[in-house]
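Bear in mind the structure is a predicted one, so any value in this text is a computation, not a measurement. Hydrogens, waters and symmetry mates are skipped; everything else that's a heavy atom, side chains included, is used. In each ligand, atom 1 is the first atom listed, and ligand 1 is the first ligand listed.
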Amino acid sequence: MDLLDQDAVLQSLATPLSERLSLTVLDEVDSTNAEVLRQIAAGAKNIPIVIADCQTAGRGRRGRVWQSPRGENLYLSMGLTFHGGFGVLDGLSLVLGVAVANALEQLGVPAVRLKWHNDIFLPSGKLGGILVELQGELEEGVVQVIAGIGLNVHMSRAEGVDQPWSSLAMACPEIEWSRNQIAAAIVEAILDAVAAFSDVGFRYFREPWQKRDLFMGESLRARGGEIEGVGCGIDDQGNYQIRTAEGVVPVRAGEISLRVVP
Ligand code: BTN
């Protein structure tokens, strides 16, 4: 059994960090992202973090459902505050991917890959995903971001998932996986990354993202086939670049999803 435990998560964090957080560990919730949003609306002072043992309405990107079986995986959301309006958020979701990859590598996971723009992959398939949701400016220039991370930890079966997937237990069975420790490592890595991102912006993260790029050198198609070429990493704004016969074409986040040409 790998039970979630609030004290165990807090004890794994450096003390000054744990004092800045407000951690809620729930047995069940609709969505940890929705719960963080409710806490922000209720006037949360510290950084709200919600972890749940299961979600009844887990949300994925593009309106998809995120399967969230009880006791198996990590469902974690954080409320992050940024100053300077929505413009300062360019590249944030890639930064979060780098942070999660750093945390997993520190825990002993080899070959963590990132699929543009923020899926967490292992060679055997998708390990997790990140859902970034924004709360409008409650105060001028102050932006709230809800960053939700779903990570397959012990899961060994998933009905209705239409793509190759993996879990930490399947990929690294020699490690005794603790969701409390994984949660603490991810929270620390995200707070570190967000501090650096707020100080120096996205450019510091381009290289760490790029070295884990799942699409690098792959034959890709974007904009419904209008663009075809070979993946060649991201630019300074976090757009994905495709080398085509006409030159390098940037594909913007949210514009279109990239597909590997079969
Ligand atoms: C994706 O579609 O790849 C992103 C999935 C993000 C799922 C996580 S689980 C914790 C948080 N709460 C949610 O409802 N969604 C995110």
Side-chain angles (χ1 to χ4, degrees), residues 2 4 9 21 23-41 44 47-80 92-101 103-104 112-122 124-135 144-155 158 160-168 177 179-180 182-187 189-190 194 209 212 214-215 238 240 253-254 256-260:
D2 173 20
L4 287 176
V9 178
L21 311 177
L23 174 65
T24 311
V25 176
L26 298 169
D27 179 53
E28 183 175 299
V29 72
D30 51 354
S31 152
T32 53
N33 268 31
E35 177 58 25
V36 165
L37 196 53
R38 288 190 286 268
Q39 293 190 6
I40 291 171
I47 299 168
I49 300 184
V50 175
I51 305 173
D53 201 37
C54 80
Q55 300 184 115
T56 54
R59 321 207 267 242
R61 286 182 33 236
R62 298 169 189 277
R64 293 194 192 111
V65 170
W66 187 256
Q67 289 203 16
S68 309
R70 180 178 294 281
E72 307 245 345
N73 300 324
L74 185 66
Y75 317 114
L76 180 154
S77 298
M78 302 175 68
L80 304 166
L92 174 66
S93 63
L94 283 75
V95 169
L96 297 172
V98 170
V100 173
L104 293 173
V112 179
R113 295 279 170 269
L114 296 170
K115 180 179 158 198
W116 190 79
H117 57 92
N118 57 7
D119 282 348
I120 318 292
F121 262 72
L122 293 178
S124 43
K126 180 162 169 169
L127 178 70
I130 301 173
L131 177 68
V132 175
E133 296 183 293
L134 305 180
Q135 164 74 283
Q144 303 282 353
V145 171
I146 297 100
I149 293 108
L151 206 63
N152 302 331
V153 180
H154 300 290
M155 197 159 75
V161 176
D162 58 357
Q163 60 172 318
W165 61 275
S166 191
S167 70
L168 293 175
W177 289 105
R179 290 183 295 166
N180 300 317
I182 303 166
I186 288 179
V187 166
I190 287 185
V194 163
W209 193 94
R212 299 170 173 120
L214 189 78
F215 282 153
Y240 200 79
I256 201 80
S257 66
L258 288 175
R259 295 268 171 271
V260 175

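- If you check the side chains of Gln39 and Thr24, you find a donor sitting under 3.5 Å from an acceptor.
- None of Arg59, Gln55, Glu28 except one satisfies the side-chain hydrogen bond (donor to acceptor under 3.5 Å, both in side chains) rule with Ser68; the exception is Gln55.
- Here is the list of ligand 1 atoms found below 4.0 Å of a heavy atom in Ser31: 12 (N), 13 (C), 14 (O).
- Of the inter-residue distances, the one linking Ile146 atom CD1 with Glu35 atom CD reads 11.5 Å to the nearest 0.5 angstrom.
- Under 4.0 Å from ligand 1, the heavy atoms of Leu76 that appear belong solely to its backbone.
- Numbered from 1 in the order shown, with element, the atoms of ligand 1 that lie under 4.0 Å from a heavy atom of Gly58 read 14 (O).
- When all heavy atoms are compared, the tightest approach of Leu80 to Ala147 is CD1-CB, 4.2 Å.
- Ring orientation note: the planes of Tyr240 and Trp209 are nearly perpendicular, at an angle over 60° on the 30°/60° scale.
- Atom 5 (C) of ligand 1 has its closest protein heavy atom at Trp66 CE3, 3.3 Å.
- Of all the atoms in ligand 1, the ones that sit under 4.0 Å from a non-hydrogen atom of Ile130 are 4 (C).
- The shell of residues lying under 4.0 angstrom from ligand 1, judged by heavy atoms, excludes Arg64.
- Here the closest non-hydrogen pair linking Ala189 and Ala103 is CB-CB, 3.9 Å.
- Closest heavy-atom approach to atom 9 (S) of ligand 1 within the set Glu35, Gln55, Glu133: this belongs to Gln55.
- Nearest to atom 1 (C) of ligand 1 by heavy atom, out of Arg59, Arg61, Arg62, Gln67, is Arg61.
- Electrostatic pairing of Arg70 and Asp27 counts as a salt bridge here, judged by a charged N lying under 4.0 Å from a carboxylate O.
- Annotation: Tyr75 places no N or O atom under 3.5 Å from an N or O atom of ligand 1; distance criterion only.
- Close approach of ligand 1 to Thr32 (heavy-atom distance below 4.0 Å) involves ligand atoms 10 (C), 11 (C), 12 (N).
- For ligand 1, the atoms lying closer than 4.0 Å to a non-hydrogen atom of Lys126 are 1 (C), 3 (O).
- Residue contact check: Gly60 has heavy atoms under 4.0 Å from atoms 2 (O), 5 (C) of ligand 1.
- Protein heavy atom in closest approach to atom 8 (C) of ligand 1: Gly150 N, 3.6 Å.
- Each of the following atoms of ligand 1 lies closer than 4.0 Å to a heavy atom of Asp119: 3 (O).
- Note: Leu94 CG to Asn118 CG = 7.0 Å, rounded to the nearest 0.5 Å.
- Smallest separation of non-hydrogen atoms from Leu168 and Leu127: N-CD1, 3.6 Å.
- Ion pairing between a basic and an acidic side chain is recognised when a charged N comes within 4.0 Å of a carboxylate O; Arg64 and Asp162 show no such pairing.
- The Ile149 neighbourhood of ligand 1 comprises atoms 8 (C), 9 (S), 10 (C), with distances under 4.0 Å to a heavy atom of that residue.
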